[in-house]
Amino acid sequence: GMHVENTKWNHWLGILCVNFATLAWASNMVVWRLLKDFIGPVTLASSRFIIASVIFTLLLRRQPEADRKVGGDFRWLMGMALAGVVLFSPALYLGLRYTSAINGTLINGIGPLMTGAMAAFFLNQPMSRRQVTGAIIGFAGVVYLITGGSFTFWRTAQFNVGDLIVLLSVAIWGVYSVLGSVVMRHRSPVSATALSTMLGLPILLVLSFWELQSFPMVVDRKLLLGIIYLGIVPAAGGFYAWNAGVARLGPGGAMVFYNMLPLYGALLGTTLLGEPLGAAHGVGGFLIISGSLWAARRPMSSKNDR
């Protein structure tokens, strides 16, 4: 089996992995917003996973034989495929159709609490007090961001359906991380990521043929370059890095850094799309980062920090 030693180096490597993943996914949102008039969300998701599957096929050839076969893990891997590959991207893209990239990315801040709760419930891996505190601080940042810190917001609640769909996508991602954690008890992150991607791809392809009837692709160079980028960096690189991080930090520990996605998203949205940043983003962002860093600090005696 693959038991990653819980050394300080591995802890930092795990943190680096999940931050690479969240930065890659923040760029994914920006690129999607540039491409959204040329291609439907499901077609885009299946296009980038075709490219990711090719990359994973090459990586799998170097894995031991047991890791190349689905074996007795079919149910878990299929669960990962449905959650992370089939449902997550389209739900996120659909939500972002109705809400801004900054709003959408910031709602993701509730993810760590949801995933921590799922990990505690299904895996019997309770979150440490530090992780819970950090997640709550991060969530406070998200709420502040969405409400702009004003109570009038709640009276005129502009609760956009997009915000709810994005929230659903976060819950789906938590399920993916928890299932991945189970599978990686005896499989490498490459194997878990690759096989779940390949199991999900046929379903996505069927759905995208259906989508293409009403939303044909407008093929041009910009779209092709975009798809190649999304396939290599967010799909193959991001998913693999995320699972490598989950293997080292556990689903709760990795999810704490899912909160960095909004921040990277807001920064990329401002630099690349010229979206306005307000004071609420500053306060919300500050709370999110400090919550993440607080939760991630690795106490010397992590066993007693329960």
Hydrophobic cluster membership, with links at side-chain heavy-atom distances under 4.5 Å among I/L/V/M/F/W/Y: are Phe215 and Leu94 in one? no
Closest heavy-atom pair and its distance - Leu92, Ser169: CD1-OG, 3.6 Å
Name all residues meeting the side-chain contact (heavy atoms from CB on, under 4.5 Å) criterion together with Val219; count only those two or more places apart in sequence or in a different chain, and write none if there are none. Met217, Leu224
Can you name the nearest heavy-atom pair linking Gly84 to Tyr176, along with the distance? CA-CD1, 3.4 Å
Is the backbone N or O of Ala192 less than 3.5 Å from a side-chain atom of Ser196, with the two atoms forming a donor-acceptor pair by type? yes
Apply side-chain contact (heavy atoms from CB on, under 4.5 Å) to Thr57 and list each qualifying residue two or more places apart in sequence or on a separate chain. Met198
With side-chain contact (heavy atoms from CB on, under 4.5 Å) as the test, would you mind laying out the steps for Leu199 and Phe74 before giving the verdict? CA-CA 9 Å; Leu199 284 172; Phe74 179 77; 4.1 Å; yes
State, with a plain yes or no, whether a side-chain heavy atom of Asn243 is found less than 4.5 Å away from one of Val190. no
Kindly state each residue pair satisfying salt bridge (Lys or Arg N to Asp or Glu O under 4.0 Å) with at least one member in residues 71-91, sequence neighbours excluded. Asp73-Arg187
So do the side chains of Pro41 and Glu211 get within less than 4.5 Å of each other, counting heavy atoms only? yes
Quick one: side chains of residues 225-237, donor-acceptor pairs under 3.5 Å with protein atoms, not counting sequence neighbours, listed by atom name and distance.
residue: Tyr229; atom: OH; partner: Ser27; partner atom: OG; Å: 2.7

Pair listing, ring pair (Phe, Tyr, Trp, His ring centres under 6.0 Å) test, anchored in residues 25-73, at least two apart: Trp25-Trp173, Trp25-Phe239, Trp25-Trp242, Trp32-Tyr93, Phe49-Phe239
Is there a donor-acceptor contact under 3.5 Å from the side chain of Gln125 to the main chain of Ala120? no
Are Met255 and Leu16 in one and the same hydrophobic cluster, where Ile, Leu, Val, Met, Phe, Trp and Tyr link if side-chain heavy atoms are under 4.5 Å apart? no
Side chains of Thr115 and Val178, heavy atoms from C-beta outward: is any pair under 4.5 Å? yes
Under 3.5 Å, is there a donor-acceptor pair linking the side chains of Asn19 and Tyr264? yes
Just checking, any donor-acceptor pair under 3.5 angstrom between side chains of Ser208 and Thr43? no
If you count heavy atoms of other groups shown closer than 6.0 angstrom to CG of Asp220, is the number above 12? yes
Any donor and acceptor pair, going by atom type alone, linking the side chain of Arg248 with main-chain N or O of Ala244 inside 3.5 Å? yes
Considering non-hydrogen atoms only, spot the tightest contact between Val42 and Leu207 and give its length. CG1-CB, 3.7 Å
Provide the full list of salt bridge (Lys or Arg N to Asp or Glu O under 4.0 Å) pairs with a residue in residues 47-67, sequence neighbours left out, each pair given once. Glu65-Lys69
